[in-house]
S.K.: 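I'd like to ask you about the structure that follows.
These numbers were taken from a predicted model, which means no experiment stands behind them.
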Amino acid sequence: WTSVAVMVPVIITLWCSAQRSKRKTHMKDFFRKSKHGWHYTDLFNKPTYCCVCAQHILQGAFCDCCGVCADERCLRPADRSLPCKEIMAPARADGAAEHSWVRGNVPLASYCAVCKQQCGSQPKLCDYRYGVWCQTTVHDCMDNVEDANQWTWETRWTVVPSLNAMVVFVFWQLASTCGSGWTPVLVLANTRSGNNMGEALLGEFRTLLNPVQVFDLTELNPSKALQLCTLLPPGSVRVLVCGGDGTVGWVLDAIDTMKLKGQDQFIPRVTILPLGTGNDLSNTLGWGAGYAGEIPVEQVLRNILDAEVVKMDRWKVQVASKGVYFRKPKVLSMNNYFSVGPDALMALNFHTHREKTPSFFSSRIINKAVYFLYGTKDCLVQECKDLDKRIELELDGERVALPSLEGIIVCNIGYWGGGCRLWEGMGDEPCPPHQHVVSCRLDDGLLEVVGVFGSFHCAQIQVKLANPVRLGQAHTVRLVLKSSKMPMQVDGEPWAQGPCTVTIMHKTQALMLYHSAEQTDDDDEDDSSASETESPTPHDSPRPTEPASAHA
């Protein structure tokens with residue numbers, strides 16, 4: 001009896017586990033074949049009702065494209081009877097788009113488009129989201145709504161991952177119909193970036209936009225997604241990259257591949273929704289240091305259309321190891337900065353431990369705390385001391401005498417280290433001898449080179465208690481590591497490097513979108529009062545290469 005008492009619970013547990021695994025497999029297969037974008041949840045975070053049986057549900061699935069909700073028993077009936085968003089549907093004879101609607105579960109604090117009273121206030125499946133494109137909500141007076149063309153600017157186009165002949169024909173038809181004033185937005189999201197908001201953002205963008213113009217970069221390479229730009233009017237596409245600086249670099253590398261294929265006229269304009277830890281490029285372009293849902297995605301899309309198009313220099317970093325004559329030099333692309341020394345060591349330690357336990361590094365706050373711990377450790381150990389004795393620095397072919405440094409940072413953008421203005425500093429750092437120093441710009445073809453005395457000095461710079469050592473500006477930077485092994489990084493991607501020669505030279509320019517500071521209500525405000533506002537100074541603001549209205 002003791003054996004039975006022990007074995008029966010074990011057998012029941014194993015059987016339940018097997019059934020749960022089998023159920024998940026069937027559910028995953030069902031979701032893969034479904035026309036809806038189903039997402040299963042163990043607990044809805046607000047009162048939710050099944051669109052089939054109208055019963056209150058806690059555990060079930062919802063479609064992040066059209067908003068249909070169903071409990072587990074009603075999933076298959078819901079999939080069969082309730083249509084999702086049409087990828088492309090013919091317009092009516094008057095040119096207007098047909099609406100589609102979903103019963104119940106309307107957004108909180110929504111109001112009827114007819115009687116202007118609050119919708120969804122009753123504890124049951126009630127009211128309608130009349131038009132999953134325009135997000136209009138109505139009571140049962142839905143039939144009185146004028147069925148006009150309510151589709152917004154970002155919804156009238158379609159793409160799919162597999163570029164077959166039918167899709168090409170559909171794109172050709174759309175491009176000829178929408179005309180030159182059309183500004184399609186392509187969303188590329190990295191669900192592994194920063195604080196893991198990518199999955200939720202994918203659902204929000206699929207709700208507002210055509211769901212097949214929103215891509216998860218963990219499932220589709222950006223090169224394949226960007227090839228869709230060649231099927232659309234030249235220069236009309238704007239790409240929103242949801243991720244960190246590394247994700248932006250990945251997309252910009254894919255755009256460089258388009259240039260090599262002779263597709264320069266189809267190059268999109270790139271903007272950023274910052275989800276990473278540092279987000280220095282996003283900060284430089286005016287999109288903020290990190291997105292946490294404080295701005296609705298509808299406003300994000302409007303800001304994209306109002307943004308200015310600017311040029312940004314991109315650089316080639318060539319690393320040639322000493323003593324290896326038959327191996328090609330390592331070639332990397334740089335948008336933000338290159339560094340050797342303590343900040344690269346912190347990035348290397350962080351990257352190593354994140355590869356071992358990726359689930360731990362799921363929060364932007366935790367990531368910055370880990371960086372702080374590694375910086376504190378290096379303050380005590382000083383692994384990069386005497387860098388000036390192990391490295392030589394040349395700016396435009398001219399040798400630079402180095403003080404007693406532990407690190408060298410080569411910057412292309414205004415921000416570094418998660419929001420610190422490195423080159424500007426506190427404004428009282430003297431210029432290097434015999435060198436005219438100009439402001440840091442994205443499109444001037446110049447790199448800013450500074451030195452740091454260690455991890456503690458980096459921390460002082462970030463809280464504006466110290467300035468870096470300005471070493472100069474140059475069109476070409478060359479560093480020679482003569483001995484030992486040192487940590488290096490390019491745009492947050494670190495590695496340990498032995499004796500080598502690093503050459504940084506101009507590669508190309510990318511078309512980015514710059515979000516300027518909010519304008520004051522008084523359009524007649526004079527220049528003196530404008531200079532007192534918190535808008536960026538002239539050297540912070542990249543020079544626009546074309547008016548914002550050119551593609552809006």
Side-chain angles (χ1 to χ4, degrees), residues 19-92 97-107 119-120 122-140 142-143 145 147 150-151 155 158-162 164 166-167 170 199-200 202-216 219:
Q19 291 298 112
R20 188 182 299 110
S21 177
K22 184 178 179 180
R23 174 171 150 273
K24 286 184 177 180
T25 302
H26 286 306
M27 194 75 68
K28 186 176 181 180
D29 186 62
F30 167 72
F31 288 169
R32 183 175 56 84
K33 297 177 181 178
S34 173
K35 295 180 180 179
H36 287 271
W38 292 114
H39 286 264
Y40 192 83
T41 179
D42 290 325
L43 181 65
F44 284 94
N45 58 5
K46 62 180 181 180
T48 306
Y49 301 89
C50 178
C51 293
V52 177
C53 65
Q55 298 298 314
H56 181 266
I57 55 175
L58 295 176
Q59 186 180 25
F62 64 94
C63 176
D64 64 358
C65 299
C66 66
V68 167
C69 301
D71 57 31
E72 192 169 335
R73 297 173 301 171
C74 299
L75 271 176
R76 295 186 185 279
D79 194 65
R80 289 193 301 265
S81 61
L82 300 176
C84 193
K85 282 184 178 179
E86 293 290 341
I87 293 176
M88 183 164 180
R92 300 184 318 192
E98 292 286 351
H99 280 279
S100 58
W101 52 268
V102 174
R103 173 76 167 169
N105 300 311
V106 299
C119 290
Q122 302 179 48
K124 63 178 183 178
L125 189 75
C126 62
D127 303 332
Y128 294 86
R129 258 188 317 122
Y130 187 71
V132 294
W133 293 108
C134 66
Q135 306 301 311
T136 303
T137 55
V138 292
H139 290 131
D140 293 332
M142 177 184 67
D143 295 334
V145 180
D147 195 10
Q150 297 284 341
W151 285 12
T155 59
T158 176
V159 296
V160 296
S162 56
N164 51 38
M166 179 59 69
V167 174
V170 169
E199 194 69 37
L202 282 173
E204 292 189 48
F205 281 114
R206 287 191 183 112
T207 300
L208 285 175
L209 311 178
N210 193 317
V212 287
Q213 76 187 81
V214 182
F215 295 95
D216 185 350
E219 300 177 357

S.K.: Please find the pair of heavy atoms, one from Gly60 and one from Phe44, that lie closest to each other, and give the distance.
M.R.: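 In this case the closest contact between Gly60 and Phe44 is N-CE1, 3.8 Å.
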
S.K.: Can you name the residues that form a side chain to side chain donor-acceptor pair (under 3.5 Å) with Asp79, not counting sequence neighbours?
M.R.: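 Partners of Asp79 under the side chain to side chain donor-acceptor pair (under 3.5 Å) test: Ser34, Trp38.
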
S.K.: Under the side-chain contact (heavy atoms from CB on, under 4.5 Å) rule, collect the residues that match up with Glu219, sequence neighbours excluded.
M.R.: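 side-chain contact (heavy atoms from CB on, under 4.5 Å) check on Glu219 returns Asp216.
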
S.K.: For Val52 versus Ala78, what's the shortest heavy-atom pair and its separation?
M.R.: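 It is CG2-CB, 3.5 Å.
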
S.K.: Mind checking what makes side chain to side chain donor-acceptor pair (under 3.5 Å) contact with His56, not counting sequence neighbours?
M.R.: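 If we apply the side chain to side chain donor-acceptor pair (under 3.5 Å) test to His56, skipping adjacent residues, there are no hits.
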
S.K.: Measure the spacing between CD1 of Ile57 and SG of Cys51 and express it to the nearest 0.5 Å.
M.R.: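 Atom-to-atom, Ile57:CD1 and Cys51:SG are 7.5 Å apart.
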
S.K.: Under the side-chain contact (heavy atoms from CB on, under 4.5 Å) rule, collect the residues that match up with Arg76, sequence neighbours excluded.
M.R.: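 Result, side-chain contact (heavy atoms from CB on, under 4.5 Å) vs Arg76: Phe30, Arg80.
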
S.K.: Minimum heavy-atom separation for Val68 to His36, with atom names?
M.R.: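 For Val68 versus His36, the nearest heavy atoms are CG2-CE1, 4.2 Å.
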
S.K.: Tell me the closest heavy-atom pair linking Gly104 and Leu125, and the distance in Å.
M.R.: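 Distance-wise, the nearest heavy atoms are CA-CD1, 3.7 Å.
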
S.K.: Where do Ala70 and Leu75 come nearest, in terms of heavy atoms and distance?
M.R.: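 Heavy atoms of Ala70 and Leu75 come nearest at CB-CD2, 4.2 Å.
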
S.K.: Could you tell me if the side chain of Glu72 sits less than 4.5 Å from the side chain of Tyr40, heavy atoms only?
M.R.: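 Sidechains of Glu72 and Tyr40: in contact.
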
S.K.: Could you measure the distance from the CG atom of Asp71 to the SG atom of Cys50? Nearest 0.5 Å is fine.
M.R.: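 Going from CG on Asp71 over to SG on Cys50, the span is 4.0 Å.
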
S.K.: Apply side-chain contact (heavy atoms from CB on, under 4.5 Å) to Gln55 and list each qualifying residue two or more places apart in sequence or on a separate chain.
M.R.: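 Counting only residues at least two positions away or on another chain, Gln55 forms a side-chain contact (heavy atoms from CB on, under 4.5 Å) with Cys53.
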
S.K.: Quick one: side-chain contact (heavy atoms from CB on, under 4.5 Å) partners of Ser81, sequence neighbours excluded?
M.R.: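 With sequence neighbours excluded, Ser81 shows a side-chain contact (heavy atoms from CB on, under 4.5 Å) to no residue whatsoever.
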
S.K.: Taking all non-hydrogen atoms of both residues into account, name the closest pair between Val138 and Cys119 and its distance.
M.R.: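 Minimum heavy-atom separation between Val138 and Cys119: C-SG, 3.9 Å.
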
S.K.: Donor-acceptor pair, distance only, cut-off 3.5 Å: does the side chain of Asn105 make one with the backbone of Tyr49?
M.R.: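 Yes, because the side chain of Asn105 sits within donor-acceptor range (under 3.5 Å) of the backbone of Tyr49.
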
